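Just so you know, these numbers come straight off a predicted model, no measurement behind them.
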Amino acid sequence: METKSSKRSEEISLTSMSKHENPGFNGDVDVEAPRPRSIKIGYDVLEANPEGPGCCAIVLTIISYLLIIATFPFSLCMCIKVVQEYERAVIFRLGRLLKGGAKGPGIFFVVPCIDSYRKVDLRTVSFDVPPQEVLSKDSVTVSVDAVVYYRVSNPMAAVCNISDFSHSTRLLAATTLRNVLGTKNLAEILSERESISHNMQSSLDEATDPWGVKVERVEIKDVRLPVQLQRAMAAEAEAAREARAKVIAAEGEQRASRALKEAAEVINESPAALQLRYLQTLNTVSAEKNSTIIFPVPIDIITHYMRN
């Protein structure tokens with residue numbers, strides 16, 4: 001009885017000590033599974049094997065280095081690679097991404113048979129978005145094409161996160177063009193090209209950021225309307241111009257009549273001024289060498305004879 005009670009007290013003391021040292025201890029043995037190590041590549045987190053390369057990979061690596069040493073210096077032709085100033089090389093060793101990021105520019109070293117690499121061009125690339133038949137917000141069908149300028153900002157993300165970043169960017173640009181123009185009226189599409197370009201650039205840049213692609217510029221190239229709509233818009237513009245021309249002509253006649261009224265009032269104050277104006281008119285007519293001369297007759301005289 002004493003032995004059992006002593007063992008029981010020892011178990012209780014051990015349990016209390018464990019709880020005191022570890023507040024989360026519940027008396028059971030909890031062994032956590034090993035968590036895989038994560039390597040951040042570009043903008044995504046790729047799960048890597050925590051065990052590292054296996055025995056076969058280590059053996060192949062050792063054999064490759066021994067072959068390089070045995071065939072030196074002829075092996076340098078296979079081991080030394082060069083990339084240009086505007087290029088970067090992403091190296092894979094036995095399928096695993098090599099640490100240290102993209103290599104270049106200049107010379108870098110690869111191990112034959114176990115290393116493979118892919119070159120990525122960092123220069124700005126431009127492409128034409130095919131003409132897109134878009135139905136605008138006010139139910140008008142227009143054909144719009146654009147030009148997109150982009151470059152690779154993260155070579156590792158461009159290689160590891162997407163299979164073909166160039167083709168994917170082209171498809172995304174065409175889709176984004178249709179989505180953005182579908183929310184605009186015809187007048188906005190024709191007059192707000194710059195704002196539409198900025199909206200497209202921000203949308204594309206946000207979508208291609210995980211791919212390591214930076215969209216630098218988007219420009220709306222051309223907007224083509226149906227022929228019937230062009231004729232209707234031309235007729236509308238012609239009618240608006242004619243209306244403005246008539247308004248301008250009426251305003252000119254109104255100003256001219258006011259000026260003539262003021263001149264008549266000035267002439268009415270002096271009878272000699274009317275005679276001088278008459279002589280000036282005759283001088284002007286004779287200077288043009290016309291055979292016909294018009295003599296103005298005062299209306300008052302005609303009215304006097306009509307009364308008689």
Query raised in the report: Taking Thr176 for the side chain and Ala173 for the main chain, is one N or O donor matched with an acceptor at less than 3.5 Å?
Result: no

Report task. Please report the closest heavy-atom contact between Cys113 and Ser64, naming both atoms and the distance. Result -> CB-OG, 4.5 Å

Query raised in the report: So among Thr141, Ile189, Asn185, which one has a side chain to side chain contact (heavy atoms under 4.5 Å, CB included) with Ser136?
Result: Ile189

Report task. For atom CD1 of Ile107, decide whether the heavy atoms of other residues, nucleotides or ligands shown that lie under 6.0 angstrom number more than 12. Result -> no

Query raised in the report: Hey, quick one: are Val223 and Val129 part of the same hydrophobic cluster, counting side-chain heavy atoms closer than 4.5 Å, chains of contacts allowed?
Result: yes

Report task. Keeping the roles fixed (side chain from Asn179, backbone from Thr175), state whether a donor-acceptor pair exists under 3.5 Å. Result -> yes

Query raised in the report: Quick one: CD on Glu87 to CZ on Arg118, what's the gap to the nearest 0.5 Å?
Result: 12.5 Å

Requested in this report: Spell out, yes or no, whether Leu98 and Ile114 are grouped together once hydrophobic residues are joined by side-chain heavy atoms under 4.5 Å, including indirect joins.
Outcome: no

**Report entry** Audit row: Trp211, Cys160, side-chain contact (heavy atoms from CB on, under 4.5 Å) steps and yes/no
**Finding:** CA-CA 8 Å; Trp211 304 343; Cys160 298; over 6 Å; no

Query raised in the report: Are any of the side-chain heavy atoms of Val144 and Asp222 separated by less than 4.5 Å?
Result: no

Query raised in the report: Is it true that the NZ or CZ of Arg123 lies under 6.0 Å from the centre of Tyr86's six-membered ring and within 45 degrees of the ring axis?
Result: yes

Report task. Answer yes or no: is there a side-chain heavy-atom contact under 4.5 Å between Val83 and Phe108? Result -> yes

Report task. Before accepting this row, confirm whether a basic side-chain N of the pair Lys119/Asp121 lies closer than 4.0 Å to the acidic partner's carboxylate O. Result -> no

Query raised in the report: Is it the case that one hydrophobic cluster holds both Val147 and Val215, taking links as side-chain heavy atoms less than 4.5 Å apart, direct or via other members?
Result: no

Report task. Please say whether more than 12 non-hydrogen atoms of neighbouring residues, nucleotides or ligands are located less than 6.0 Å from CD in Glu206. Result -> no

Query raised in the report: How far apart are the C-alpha atoms of Arg93 and Val111, what are their side-chain angles, what is the distance that settles it, and do they pass the side-chain contact (heavy atoms from CB on, under 4.5 Å) test?
Result: CA-CA 8 Å; Arg93 177 162 297 172; Val111 180; 3.5 Å; yes

Query raised in the report: What's the spacing between Leu181 CG and Thr183 OG1 if we round to 0.5 Å?
Result: 7.5 Å

Query raised in the report: So, Gln132 side chain and Pro130 main chain: donor-acceptor pair closer than 3.5 Å or not?
Result: yes

Query raised in the report: Hey, what do you get for OG (Ser153) to CG (Asp209), rounding to the nearest 0.5 Å?
Result: 7.0 Å

Query raised in the report: Would Phe127 and Tyr150 count as a close aromatic pair, with their ring centres under 6.0 Å?
Result: yes

Query raised in the report: CG/Leu171 to OG/Ser166 distance, rounded to the nearest 0.5 angstrom?
Result: 9.5 Å

Report task. Identify whether Val82 and Leu76 are in the same connected component of the hydrophobic contact network (ILVMFWY, side-chain heavy atoms under 4.5 Å). Result -> yes

Query - Lys214 bridged to Glu216 by N-O distance under 4.0 Å - result: no

Report summary line: One should read off an interatomic distance between Glu219 CD and Asp145 CG, to the nearest 0.5 angstrom, of 12.0 Å

Query - Side-chain touch Cys79/Ile68, heavy atoms, less than 4.5 angstrom - result: yes

Query raised in the report: Can Leu122 and Arg88 be said to form a side-chain contact (heavy atoms from CB on, under 4.5 Å), step by step?
Result: CA-CA 7 Å; Leu122 302 183; Arg88 298 294 183 270; 3.5 Å; yes

Query - Min side-chain heavy-atom separation Met156-Leu97 under 4.5 Å - result: yes

Query raised in the report: Are Val110 and Phe92 linked, directly or through other ILVMFWY residues, by side chains that come within less than 4.5 angstrom of each other?
Result: no

Query raised in the report: When rounded to the nearest 0.5 angstrom, what is the spacing between CG in Leu135 and CD in Glu133?
Result: 10.5 Å

Query raised in the report: Got Phe165 and Val152 here, is their nearest side-chain heavy-atom distance under 4.5 Å?
Result: yes

**Report entry** Evaluation steps, side-chain contact (heavy atoms from CB on, under 4.5 Å), between Leu177 and Ile220
**Finding:** CA-CA 9 Å; Leu177 179 62; Ile220 301 298; 4.0 Å; yes

Query - Other residues, nucleotides, ligands: >12 heavy atoms within 6.0 Å of Arg231 CZ - result: no

Query raised in the report: Any chance CZ of Arg217 has more than 12 other-residue heavy atoms, nucleotides or ligands included, within less than 6.0 Å?
Result: no

**Report entry** 4.5 Å side-chain heavy-atom contact, Lys103 and Ile91
**Finding:** yes

Could you tabulate the donor-acceptor pairs under 3.5 Å formed by side-chain atoms of residues 192-200, not counting sequence neighbours?
{"unit_1": "Ser195", "atom_1": "OG", "unit_2": "Glu192", "atom_2": "O", "d": "3.0"}
{"unit_1": "Ser197", "atom_1": "OG", "unit_2": "Arg193", "atom_2": "O", "d": "2.9"}
{"unit_1": "Ser197", "atom_1": "OG", "unit_2": "Val218", "atom_2": "O", "d": "3.4"}
{"unit_1": "Asn199", "atom_1": "ND2", "unit_2": "Ser195", "atom_2": "O", "d": "3.3"}

